Structures are given as C-alpha cells and as structure tokens.
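What follows is a single structure, written as structure tokens, with notes after it.
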Amino acid sequence: MQSLMRTNVPRVVTAAFRGGAGKTLITVGLVAALRRRGISIAAFKKGPDYIDAGWLGLAAGGHCYNLDSYLFPREVSAESFVRRSQGKDVAIVEGNRGLFDGVDSQGQYSTVELAKSIGAPLVLILDATKMTRTAAALVLGCRALDPDLRIGGVILNRVGGARHEAVLRNSIETAASVPVVGAVRKLAIPNFPQRHLGLLPLHEHPAAMKFVEDAADLAERFVDLDALVSIARTAGELHVAGNTESLPLRRGTGFERVTIGIMKDSAFQFYYPENLEALSVAGARLVEISALEPVELPDLDALYIGGGFPETHAERLADNRVFKESLSMAIRNGLPVYAECGGLMYLSRSLRMDDKVYPMVGVFPIDTVMERKPQGLGYIRVRVTAPNPFYPISAELTGHEFHYSSVDGMDAAQHACAFGVVRGHGMNGSVDGICVGKALGTYMHVHALGEPLWAKGLMKRAREFHAARFNAREENLSAVDAQGFAT
C-alpha cells in the first residue's frame, strides 16, 4: 500500500573529488557545530559505511542512517530519508568516494545520483593541497559533466595560509560562480584518528567526544555556518511514495516476545540502526552483550554478531574462555546465531596474525588469517544454493563486504557453505555463508531495508527456539509434578 510523503526539511549533501579529502572530519564538525546552536540534525551517510556513520551519529546526538540505492531501491532510500528527517531542523548527508564515482563508468549509484534523488544541493569539500586556480577548473568540470548538478558552495580544506585562501577563493568564485563558504587550514585539528580507509572506529577512540568537540571548533572557526544553512534551505519540497512494505518487519499477533542478543563492544560494533529497529519492531527484546567480559552467555533466543575489528582484541577474545565455552555450548544446543564478518572470524577455530595464533570459539571448521591488503572490498551479491537457518534456497542477496582476513581450510569446509558468490569475494571468491547447526557465518553485511528476508529469517528461528525451550521446560515441570504425585 502506498501513500504520498513529503518533506520541506533544509538539506545538503557534502561531497568531495576523492576519498581522503577530509570530508568526514569536516562533516562531523559541521553537524556538531550546528547542534551547538540548538539546531536538530538528521544525519545520513551515503553508502554501506559503519565507521563514518558512527561519528556522525555521535555528533548529531543520535543515530546516523545509511542511504544506498544499490543495497535497496532508490525509492526506499528516498523514503527512508524522509522518515528519518521528520521533525528535524536540517538534514546533512555525507557522500562517499568521489562525487561522480559509482559502480560503472556512468557513475551509477554515485553521491550525485543520491543528491538528485532527495533534491539536495551539494557542498564540495575540496582538498586544496598544492593547488590554486586549478581548483576552479575542478568545480567547472563538475558543472560541465553534469549541467543539472546543483553546487551550493565549496569548503576548501588543507589551505596553506591567508594568501593561498585568497587566490583559491577568488579563482573559484570568479570563474565558477560558486561561493566559497569555508577554508580549513592545514593541521587545524590534532589527534586525527585514522585506520585503513578512514577514521578510527568510534568505540576505539580514547576520547571520542573530545574529537567531535574539536571538529565542531574547527567548523565554527573556518566555515560560514549561516551560509551553509542558507544553502540547505534552497532545497525544495521533496515528494516520495511511501510504501508500507519497505517498513521494518511488523510484529505479528500471537507471538510471544523473544530475546535476541546483540554482540556489542569495542571488538564488535558494526550494526545498521535499521537492522536493530527491524528486529525490535518485529517483537524482539534486544540485549547487548560483550565477548570481552568473563561472564557466561545470558539466556537468549537468538544471537546477532556484527562486524568489527576482532583482530585488535584478539588476545582478550582468545583468553575469555568462560564466554567462549558458554557460547559454544549454546550453539551446540541449537541457539540460532547470525554472524557477519568479524562475527564469522570469532566463531572460527582460530585467528592468525603474522606468527601468532589466537584460539577463537571453534564453531566453524575454518581458520581466519589477517592479510596486509583487503581480501574483499565493495558490494557483494550471492545466491542461496543450500539449506541454511535463515534464507530460502534460490534467494538472491545483496550486501557489502570489507575484510582484511582470508579463510584457511576452505577445501574441507566448502560443503558447509550455503551461498554461491555472484559478485564480490566472500570466503574464497566462489562461496560464502558457512553453516553449522543453526549458526551461519558470512563476510556479507546486509541491510534490513534491502533484504527483509534477513529479519524474517532471524525472527522465525528465534521464535522456534523460544517455543522449543518453553515446551522443554513444560515437559520437565510435568515430569517433576508426576513424580511428586506418584511419591
């Protein structure tokens, strides 16, 4: 069933010419600085990103939601934007990669396409290192490539000094007729936390809020925030067709509430907010647990282990035998477990880094090995080819993968895999989705808005396990009662 949805929220998309231009740092600063002014922000991240989204959410004082028309249909992405920005003063979307970069030479699924789909002007973040008038040529080139592109302004980054800024500003505003609304100086912020392709994960930074406050100071000092809000206000009314089928799975009648554990600590932290909401709306009580604490697994009906960086906590994870053994026992007793990327690594036999081997939970008959380069990076598509706990055979699933680990022992474990890889790498370039009992491990991260089968499958197994345990308890109580009566 469809209904017309609309929003007038002022909105802007921050974009850059390439990755590594400082886009996330500046966007975090913009969000935090506007929030300081009492402006409520709806924060979004383009693409399948957890780390940048975490920082943006912290800066906004809430969640940051992903918009990705590859993972889910363009109309669902636009609808999600409208729903998540309701009641907010301004919406800020951080783009990804270069603004025209997509999955092909036509830039399909790019930041520019997203900006157009939600009717938002772009603010270009331009790394001005060793550059002056050429910056104007870059801005003009964007307009020449796409005359319909709405560039509201430019924020210069890594500017060398007052003279450098003056030349850049005059060149861009004169030649390209685009206002420069900010000029951030080189080394303007200390303690810049980076890893791999971007920022250090939020949960691992020793002073996360201090970093956000520093970024806000930077934005207040170097960016015209009033001009930024004015650009956002040029966005017109956005109309989208609201489709109730794209909402999270609704709780059915006649179902008892189930408890699903979410492995959430500094080792496992990658979860789309929409995924957790889909489970909650469907009737799950979500309980956060940690694999780093020496306590037994609590009483659960299912467990969801997301991605993260288990390699940075390998020794603590390996030494926590109390938790590992309780988790292994629960899986042997039929606990449904969905493990993504870092979760897959944790449920393997071991994690090897250089010459050190760390014993993991040992559910899956494979070992994982940390490599120097990414083993899987980008969108992944799989076809379900064998029985598994969560998906019907023949279903096609789309997700994202980003892992430096490889899998050792696949020759013997290949038969236990339920997914055939259509695009991407997965576990060895051809298969993914290893299954043992009711546990499934995969390098593929899925988004609930794009793959509703994920929440349905996990909820179904949780209810089945809950019912089986309830029935077992009832039988035990009946047996005790009968024995007592006979006595």
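No experiment lies behind these values; they were computed from the predicted model shown.
Between Tyr304 and Glu340, the side chains place a donor N or O and an acceptor N or O closer than 3.5 Å (distance only, hydrogens not considered). Side chains of Ser406 and Glu371: a donor on one and an acceptor on the other come within 3.5 Å. Using modelled atom types and a 3.5 Å distance limit, the side chains of Thr14 and Thr27 yield a donor-acceptor pair.
The backbone N or O of Glu213 lies less than 3.5 Å from a partner atom in the side chain of Arg36, making a donor-acceptor pair. Judged purely by atom type and a 3.5 angstrom limit, Arg423 uses its side chain to pair as donor or acceptor with the backbone of Tyr379. Checked by atom type and distance alone, the side chain of Glu75 never pairs as donor or acceptor with a backbone atom of Val240 at under 3.5 Å.
Between Arg83 and Glu277 there is no salt bridge, since none of the side-chain N atoms of the basic residue sits less than 4.0 Å from a carboxylate O of the acidic one. Using a 4.0 Å cut-off between a side-chain N of Lys or Arg and a carboxylate O of Asp or Glu, Arg74 and Glu113 qualify as a salt bridge. Between Asp301 and Arg285, none of the side-chain N atoms (NZ, or NE/NH1/NH2) sits under 4.0 Å from a carboxylate O, so this pair counts as no salt bridge.
In this structure, the side chains of Val154 and Val123 stay at 4.5 Å or more apart for every pair of heavy atoms. Using a 4.5 Å cut-off on side-chain heavy atoms (C-beta onward), Val181 and Ile231 make contact. No side-chain heavy atom of Val382 sits under 4.5 Å from any side-chain heavy atom of Tyr443. Leu126 is listed as a side-chain neighbour of Met131, based on a closest heavy-atom distance under 4.5 Å. Under the 4.5 Å side-chain criterion, counting only non-hydrogen atoms from C-beta, Leu30 is in contact with Ile155. Residues Arg316 and Glu293 meet the side-chain proximity criterion, which asks for heavy atoms closer than 4.5 Å. Between Glu296 and Val322 the shortest side-chain heavy-atom distance falls below 4.5 Å. The shortest distance between side-chain heavy atoms of Leu71 and Tyr272 falls below 4.5 Å.
Among Gln108, Arg381, His400, the one residue that satisfies the side-chain contact (heavy atoms from CB on, under 4.5 Å) test with Tyr70 is Arg381. When each of Tyr65, Phe72, Phe44 is checked for a ring-ring contact (aromatic ring centres under 6.0 Å, His included) with Phe81, only Phe44 meets the rule.
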Please walk me through it: do Tyr338 and Leu303 pass side chain to side chain contact (heavy atoms under 4.5 Å, CB included)? CA-CA 6 Å; Tyr338 196 98; Leu303 175 62; over 6 Å; no
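Applying the salt bridge (Lys or Arg N to Asp or Glu O under 4.0 Å) test to Asp101 and every residue at least two apart in sequence or in another chain returns nothing.
Here the closest non-hydrogen pair linking Ala78 and Ile118 is CA-CG2, 4.4 Å.
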